[in-house]
Enquirer: 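Provided herewith is a single structure, encoded as structure tokens, for subsequent inquiry.
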Number of protein chains: 2
Amino acid sequence: MEINTAISALGALAQEHRLAAFRLLVRVGEDGMAAGDLARSLAVPHNTMSTHLSVLSQAGLITSQRNGRSIIYRIVPDVMRDLLGFLADDCCQGRPELCGIAVPGKTSTSTCC
Amino acid sequence: MEINTAISALGALAQEHRLAAFRLLVRVGEDGMAAGDLARSLAVPHNTMSTHLSVLSQAGLITSQRNGRSIIYRIVPDVMRDLLGFLADDCCQGRPELCGIAVPGKTSTSTCC
DNA sequence: TATTTATTTCCATATGTCTGGAAATATCGA
DNA sequence: TCGATATTTCCAGACATATGGAAATAAATA
């Protein structure tokens, strides 16, 4: 993962409503959720939520797809996985105990280190 | 990890110079690094770097300790580990394949799920 | 076509962040 | 005590972000 990709993903998640929306989308999985339902669920005005969703979208963390009058948002699993891998990467260069996570399929071994 | 802790940690890392400083501190490990050395290494003015270090510090990601004229900064491994766990948490509630990481010691099993 | 529903875009305001010059504080060595 | 070194704090300008009212766009339905 490129450093600028990581920065915009971290920045996108570093906001109360966006983090909440992202976590909700993660939980609902590939069914996704309409913009209006997200706004209602999180008690955020629709236009404000729309702005936040576009930030998450531009960071590549979610995608949108029109379905009739609604626009369905879904997470992009790969980007989240890459971000976790990116954050874990450094500590695994020499000091695995600092990160304490394992990333399957990262290399030949079954841990990130 | 509390949600506000996560937000400030994410926000602290979502900036070019801070992310670079943090990653450098992760790489040097518990030896840590002086504020001036960090500024020089990353080609950032000392006062600007000082501000960034205080943001990382307030987010709990690093700590400081005076050593003579220098102030040594070190990462706080637990907070990084907690943040990774926090981000991984949601996707592991039902959709482990989305997160693709394992957090040892998370529960009784050896993976986060 | 007109109406309702769903969402986005436009816009202005308020607030927060990034930056670096200059001054203040702290420590060491002479 | 003085000067040099290391770092922080203060400050102000430039820029970016968050918010929500109002209008615009898009789609379904009658």
Side-chain angles (χ1 to χ4, degrees), chain A residues 3-25 28 31-76, chain B residues 3-25 28 31-76:
Chain A
I3 197 143
N4 288 317
T5 313
I7 290 172
S8 63
L10 289 165
L13 295 174
Q15 206 278 342
E16 183 188 354
H17 300 315
R18 287 198 297 264
L19 183 56
F22 181 75
R23 297 180 84 195
L24 187 44
L25 286 176
V28 301
D31 287 350
M33 204 163 168
D37 290 340
L38 281 163
R40 232 165 289 121
S41 295
L42 304 175
V44 174
H46 53 294
N47 51 355
T48 301
M49 180 52 75
S50 180
T51 305
H52 286 316
L53 290 171
S54 99
V55 172
L56 287 167
S57 194
Q58 281 200 272
L61 289 162
I62 63 177
T63 44
S64 60
Q65 183 186 25
R66 181 173 279 278
N67 184 324
R69 274 182 286 211
S70 298
I71 291 179
I72 309 298
Y73 283 90
R74 291 183 185 81
I75 69 153
V76 178
Chain B
I3 196 144
N4 288 317
T5 312
I7 290 171
S8 62
L10 289 165
L13 295 175
Q15 206 278 341
E16 184 188 354
H17 298 315
R18 287 198 297 264
L19 184 55
F22 181 75
R23 297 181 85 193
L24 188 43
L25 286 175
V28 301
D31 287 348
M33 203 164 170
D37 291 340
L38 281 164
R40 231 165 290 122
S41 295
L42 303 174
V44 174
H46 53 295
N47 53 354
T48 302
M49 179 52 77
S50 179
T51 306
H52 286 316
L53 290 171
S54 101
V55 172
L56 287 167
S57 193
Q58 282 199 272
L61 290 163
I62 63 177
T63 45
S64 60
Q65 184 187 22
R66 181 174 280 276
N67 184 325
R69 276 181 282 213
S70 297
I71 292 180
I72 309 298
Y73 283 90
R74 289 184 186 82
I75 70 153
V76 178

Enquirer: Just how far, in rounded Å, is C1' of C/dT19 from CG of B/L42?
Expert: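 The distance from CG of B/L42 to C1' of C/dT19 comes to 16 Å, rounded to the nearest Å.
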Enquirer: Mapping A/R69 and B/I72 onto DNA chain D by nearest heavy atom, which one lands closer to the 5' end?
Expert: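 Looking at the nearest nucleotide for each, B/I72 comes out on the 5' side.
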Enquirer: Measuring from B/L10:CG to A/Q15:CD, what's the distance to the nearest 0.5 Å?
Expert: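 Taking CG in B/L10 and CD in A/Q15, the distance rounds to 11.5 Å.
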Enquirer: C/dT7 C1' sits how many Å from A/D37 CG, rounded?
Expert: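 So the two atoms are 12 Å apart, to the nearest Å.
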Enquirer: Name the atoms and distances for all side-chain donor-acceptor pairs under 3.5 Å in residues 34-46 of chain B, with sequence neighbours left out.
Expert:
from  : atom 1 : to    : atom 2 : distance (Å)
B/D37 : OD1    : B/R40 : NH1    : 3.0
B/S41 : OG     : B/D37 : O      : 2.8

Enquirer: From B/L19 CG over to A/I7 CD1, what is the distance, rounded to the nearest 0.5 angstrom?
Expert: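 Rounded to the nearest 0.5 Å, the CG-CD1 separation comes out at 5.5 Å.
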Enquirer: Heavy atoms within less than 4.0 Å of DNA chain D: which residues of residues 47-65 of chain A have one? Give them sorted by number.
Expert: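 The answer is A/N47, A/T48, A/T51, A/H52.
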Enquirer: To the nearest angstrom, how far is A/H46 atom NE2 from C/dT5 atom P?
Expert: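 One finds 13 Å between P of C/dT5 and NE2 of A/H46, rounded.
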Enquirer: Sort by first number and list every stem of DNA chain C: at least 3 consecutive Watson-Crick or G-U wobble pairs, both distances under 3.5 Å.
Expert: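 Only these stems qualify: C:1-30 with D:1-30.
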Enquirer: So, taking the atom named CG in A/L25 and the one named OH in A/Y73, what distance separates them when rounded to the nearest 0.5 Å?
Expert: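 Nearest 0.5 Å value for the CG-OH distance: 10.0 Å.
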Enquirer: For residues 47-63 of chain B, which side-chain N or O atoms pair as donor and acceptor with protein atoms under 3.5 Å away, sequence neighbours left out?
Expert:
from  : atom 1 : to    : atom 2 : distance (Å)
B/T51 : OG1    : B/N47 : O      : 3.1
B/H52 : ND1    : B/R18 : NH1    : 3.2
B/S54 : OG     : B/T51 : O      : 3.2

Enquirer: How many Å lie between CG on B/L13 and P on C/dT17, as a whole number?
Expert: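 Distance check: B/L13 CG to C/dT17 P gives 15 Å.
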Enquirer: Please report the distance, rounded to the nearest Å, between CD in A/E16 and C1' in C/dG16.
Expert: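 So the two atoms are 15 Å apart, to the nearest Å.
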Enquirer: Assign A/A34 to base, sugar-phosphate, or nothing according to its heavy-atom contacts below 4.0 angstrom with the strands shown.
Expert: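 The residue A/A34 makes sugar-phosphate contact but no base contact.
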Enquirer: Can you sort out the partners of B/R69 under salt bridge (charged side-chain N to carboxylate O under 4.0 Å, His left out), two or more places apart, ordered by chain and number?
Expert: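 Here no residue qualifies.
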Enquirer: Give the first and the last nucleotide of DNA chain D, reading 5' to 3', that has any atom under 4.0 Å from a heavy atom of chain B.
Expert: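 Answer, 5' to 3': D/dA4 to D/dT9.
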Enquirer: Rounded off to whole Å, could you give me the CZ-to-C1' distance for the B/R18 and C/dT17 pair?
Expert: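 Result: 8 Å.
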